[in-house]
Amino acid sequence: EKGGWSSFMAKEVAEQPQAVANTILGRVHDGQVVIPELDGLDELFIGINRVIITACGTASYAALVGKYAIEQWARVATDVELAHEFRYRDPVIGDDTLVISISQSGETMDTLMAVKYARERGARTLSICNTQGATIPRESDAVVYTHAGPEVAVASTKAFSAQITALLLLGLHMGRVRQTLTDDSAVAELADLPDKIASVLEKENDHVAQLAGWMADTRSVLFLGRHVGYPIALEGALKLKEISYIHAEGFAAGELKHGPIALIEPGQPVFVIVPSPRHSALIHSKVVSNIQEIRARGARVIVIAEEGDAAVLPFADEVIHIPLAGPMFEPVLAVVPLQIFAMALATAKGLDVDQPRNLAKSVTVE
Ligand code: F6R
């Protein structure tokens, strides 16, 4: 039931603090991440030389965030493969490879076939799934459930933030087991994440919805991000395509001068996800330069930046603020305004946000 919300999607966007809190619940003990479901797998985590994360669509963007986190904390080479590409080539995998699959439904045929394929090739398999007892977790050696609750709207929102949360937990769990985790501050930050999401929802919902209302006639929107902001740019573009049928593309900000900047003409709306200057002054300054480059060509720049980031103000047409958070936690905060934007734009166009045309919630055919 929608319980007073205008759509399931609106309800599910609002449920994200709870979805993330429930996914963390019972997995932090004495300042360390210990995922009980992974008990007994220490040797596996120590022995692997390679991780491949496989998924489709939104789940594959969560996977990209997971790549950064697992490499950072567990120091193991990690790649992301779209499930339908992975299976139709001859990937180098073996018993030193951990193949992690991510699926909200646990029934996506492409992802299921990738998991089976990986097992046949001798890889160990772990699934991150939101649906208890679904086919993909049953076909995997281990499972870490996201506890986002049932997701009804076709466009994935709370499952996505729960998937990223599960990947952060997994990265911290593996880092502890492999003794590569040098900094406990990330574990401490997990507890604050739900409240920070709630604060974005509270402070930015009306602002972003109003922005979308002004842009109902827009024909194209671009999204730029760097580091873990890059997958969020991809996700922001996918949400907009899916439910508002507006052409949208996400790019790694560093790619701009390698092609996409040719798209910038006066009035082109561009969302830019700006990483905190506290994490890396260098990465931050590069993104600020990108903003200047597109602004000089007339782009209408909508910036998502940490509260207090004054460097972006002179170049932004609009600033959406997110609370201060560690580098791996920013994606879960930055995606929220993009979900609201897509939803508000679709609503302004009179579309049914829960049932976009041509799409099914669970893609059980190849
Ligand atoms: C986007 C969306 C899809 C799914 C994809 C994978 O909003 O919902 O891109 O993320 O079809 O679905 P699952 O996670 O069920 O395997």
Side-chain angles (χ1 to χ4, degrees), residues 9-21 23 55 57-69 102 104 128 130 146 148 151 153 155-168 193-205 207-209 211-212 221-244 248-253 270-276 287 302-306 319-346 353:
M9 187 175 176
K11 174 173 178 272
E12 288 160 8
V13 164
E15 283 171 348
Q16 289 181 106
Q18 202 56 52
V20 167
T23 300
T58 285
S60 78
Y61 302 147
L64 279 171
V65 177
K67 169 188 163 85
Y68 285 83
I102 309 177
Q104 188 286 129
I128 292 177
N130 196 45
T146 48
E151 192 179 63
S156 184
T157 54
K158 65 175 180 173
F160 177 71
S161 35
Q163 284 161 354
I164 294 178
T165 304
L167 285 158
L168 299 182
L193 195 54
D195 282 349
K196 288 181 185 175
I197 301 170
S199 135
V200 179
L201 286 163
E202 189 195 325
K203 291 186 185 157
E204 290 293 352
N205 185 70
H207 173 210
V208 176
L211 203 67
V221 181
L222 304 180
F223 297 79
L224 297 178
R226 199 171 174 122
H227 194 259
V228 286
Y230 166 46
I232 298 309
L234 298 174
E235 172 64 0
L238 181 61
K239 286 288 92 93
L240 198 61
K241 288 176 212 175
E242 276 186 292
I243 61 166
S244 72
E249 277 199 72
F251 300 106
V270 185
F271 278 84
V272 185
I273 300 137
V274 182
S276 164
V287 176
I302 305 142
V303 157
I304 300 179
E306 149 178 303
V319 181
I320 297 164
H321 289 294
I322 58 172
L324 276 63
M328 301 300 170
F329 296 85
E330 285 180 345
V332 181
L333 304 175
V335 76
V336 174
L338 300 181
Q339 296 165 339
I340 298 169
F341 179 75
M343 204 163 49
L345 199 47
V353 300

Under the rule for salt bridge (Lys or Arg N to Asp or Glu O under 4.0 Å), what residues qualify as partners of Glu242, not counting sequence neighbours? Lys239

Which side-chain N or O atoms in residues 331-345 pair as donor and acceptor under 3.5 Å with protein atoms at least two apart or in another chain?
from, atom 1, to, atom 2, distance (Å)
Gln339, OE1, Gln16, NE2, 2.7
Gln339, NE2, Gln16, OE1, 3.2

Under the side-chain hydrogen bond (donor to acceptor under 3.5 Å, both in side chains) definition, can you give me all pairs with a residue in residues 223-233, not counting sequence neighbours? none

Considering all heavy atoms, the nearest Phe223-Ala248 contact: CE1-CB, 4.0 Å

The reported gap from CD1 in Ile243 to CG in Leu238 (rounded to nearest 0.5 angstrom) is 10.0 Å

Sequence neighbours excluded, which residues qualify as side chain to side chain contact (heavy atoms under 4.5 Å, CB included) partners of Ala166? Thr23, Ile128, Val144, Thr146

Without hydrogens or angle criteria, can the side chains of Thr157 and Glu12 be said to hold a donor-acceptor pair below 3.5 Å? no

Checking Ser60 now: which residues fulfil side chain to side chain donor-acceptor pair (under 3.5 Å) with it, not counting sequence neighbours? none

Nearest heavy-atom approach of Val200 to Pro323 is CG2-CD, 3.5 Å

Looking at every heavy atom in both Asn130 and Ala148, which two are closest together, and how far apart are they? OD1-N, 3.1 Å

Non-hydrogen atoms of Ala62 and Leu167 that approach each other most closely: O-CD1, 3.2 Å

Not counting sequence neighbours, which residues clear salt bridge (Lys or Arg N to Asp or Glu O under 4.0 Å) with Glu330? List them please. none

Residues at least two apart in sequence or cross-chain that pass side chain to side chain donor-acceptor pair (under 3.5 Å) with Lys67, listed by chain then number, are none

Could you grab the distance from atom CD1 of Ile273 to atom CD1 of Ile304, nearest 0.5 Å is fine? 5.0 Å

Residues passing the side chain to side chain donor-acceptor pair (under 3.5 Å) test with Gln18, sequence neighbours excluded, are Asn22

Pairing residues for Pro17 by the side chain to side chain contact (heavy atoms under 4.5 Å, CB included) criterion, not counting sequence neighbours: Pro194, Ile197, Ala198, Leu201

Under the salt bridge (Lys or Arg N to Asp or Glu O under 4.0 Å) rule, collect the residues that match up with Glu249, sequence neighbours excluded. none

Heavy-atom closest pair (Pro231 atom, Leu64 atom, distance to 0.1 Å) is CG-CB, 3.6 Å

Of all the heavy-atom pairs spanning Ser161 and Thr165, show the shortest one and how long it is. O-OG1, 2.7 Å

Using side chain to side chain donor-acceptor pair (under 3.5 Å) as the criterion, list what pairs up with Glu151, not counting sequence neighbours. Ser156, Lys361

How far does CD of Gln104 sit from NZ of Lys158, to the nearest 0.5 angstrom? 8.5 Å

Those residues that, when tested against Lys196, pass salt bridge (Lys or Arg N to Asp or Glu O under 4.0 Å) (two or more places apart): Glu189

Looking at CG of Leu222 and CZ of Phe271, how far apart are the two atoms once the value is rounded to the nearest 0.5 Å? 11.0 Å

